[in-house]
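Okay, so here's the structure we're looking at.
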Amino acid sequence: MDLKIKDKVFLISGGAKGIGESISRTLAEEGARVVIIDPSLEEGGKLMEEFESKGVEALHIPKRLTGPDIALEAVEKAYAKFGRIDGVVNNAGANDGVGLENGTPEDFRASVEKNLGHYFDLVHYALPYLKKNKGSIVNISSKTAVTGQGNTSGYIAAKGGQLSLTREWAVELLKYGIRVNAVIPAEVMTPLYENWLNSFDNPEEKLKEIEKRIPLGNRMTKAKEIADTVVFLLSERSSHTTGQLLFVDGGYTHLDRAL
Ligand code: NAP
């Protein structure tokens, strides 16, 4: 299937590592031009070298999205380099464990801002360009938004907010033909996930326990499986899909775990 995204320009927050890296690579494989907003200098640098050697046009903005000014800078740099923006993937985030009993009200507010604020900022500043091209937006959320996890109120509030914003923006942007969807991972091996796993006494045991509970294939979802779904949603091939919350999780969230 030709996704028809050749030469289109996509912004990916957190696009140098984990799920975001896989999205950047998949877009590049399909001939798109990628703008990676991610502070990871080493990983981002390597990815850019690889892209250059393959003739992929790309831009790395080595910044952490910590406020509207960085989002504005990223959008302006992307437009200055490529002269168009066709889509935004809001992906950057971290489960920072700020809960009712292990965080202060100030920590909670900071966690929500850290995980949700830049989802709004990037879309807000990219919107004038997305309007020109009937762009597409994908928000990466988490299954924890619908299942809870415990001890992580800030992250969960942000992840739930991302799902609500997906519906809200899908409605608000109908008039421009801009589609907005969310992709919801559950268990994907990434640097973030590995850090979390390593916080247990026996990470290998914990991983086996989790894999056993994933209905389809008793295995983790691959970052590439998330990326393929995201890239499809960014492309015109999903031209009548908007406001959808897609769980790419091997049935982990919804199927009977006794299976
Ligand atoms: P990851 O391995 O930590 O990769 C995320 C990348 O984003 C890192 O390079 C990180 O840099 C960067 N980043 C973090 N905050 C940023 C910010 N404010 N601005 C720009 N870049 C930022 O994470 P991941 O596991 O791929 O997760 C990606 C998304 O999937 C997140 O939204 C997460 O909530 C969601 N998710 C993941 C899983 C999973 O199983 N992995 C499950 C459910 C949902 P630093 O490392 O320097 O912070």
Do the side chains of [Y] and [X] get nearer than 4.5 Å, heavy atoms only?
X    : Y    : value
L130 : D86  : no
K8   : R33  : no
L59  : F51  : no
T152 : V98  : no
I184 : V248 : no
Y193 : M220 : yes
I70  : R64  : no

Do the side chains of [X] and [Y] get close enough for a salt bridge, i.e. N-O under 4.0 angstrom?
X    : Y    : result
K46  : E43  : no
K143 : D249 : no
K224 : E29  : yes
E187 : R213 : no
K77  : E73  : yes
R109 : E113 : no
K208 : E204 : no

Does one side chain, of Q149 or N95, offer a donor that lies under 3.5 Å from an acceptor on the other?
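Yes - a donor-acceptor pair under 3.5 Å links their side chains.
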
Give a yes-or-no answer on whether the side chains of T166 and N139 include a donor-acceptor pair shorter than 3.5 Å.
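Note: T166 and N139 side chains meet the donor-acceptor criterion.
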
Parallel, tilted or perpendicular: rings of Y129 and Y79 (30°, 60°)
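The rings of Y79 and Y129 lie parallel, inter-plane angle below 30°.
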
List in chain and number order the residues that pass ring-ring contact (aromatic ring centres under 6.0 Å, His included) with Y252, two or more places apart in sequence or in another chain; answer none if no residue qualifies.
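For Y252 there are no ring-ring contact (aromatic ring centres under 6.0 Å, His included) partners, ignoring immediate neighbours.
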
For L216, look at atom CG and say whether over 12 heavy atoms of other residues, nucleotides or ligands are found less than 6.0 Å away.
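No, CG of L216 has 12 or fewer neighbouring heavy atoms, counting only those of other groups under 6.0 Å.
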
Chi angles and distances behind the salt bridge (charged side-chain N to carboxylate O under 4.0 Å, His left out) call for D38, K17
CA-CA 8 Å; D38 192 311; K17 286 202 301 217; 5.8 Å; no

Can you list the steps and then say if I36 with E21 is a side chain to side chain contact (heavy atoms under 4.5 Å, CB included)?
CA-CA 9 Å; I36 295 169; E21 176 188 350; over 6 Å; no

Set of salt bridge (Lys or Arg N to Asp or Glu O under 4.0 Å) partners for E225, sequence neighbours left out
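Partners of E225 by the salt bridge (Lys or Arg N to Asp or Glu O under 4.0 Å) criterion, ordered by chain and then number, come out as R219.
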
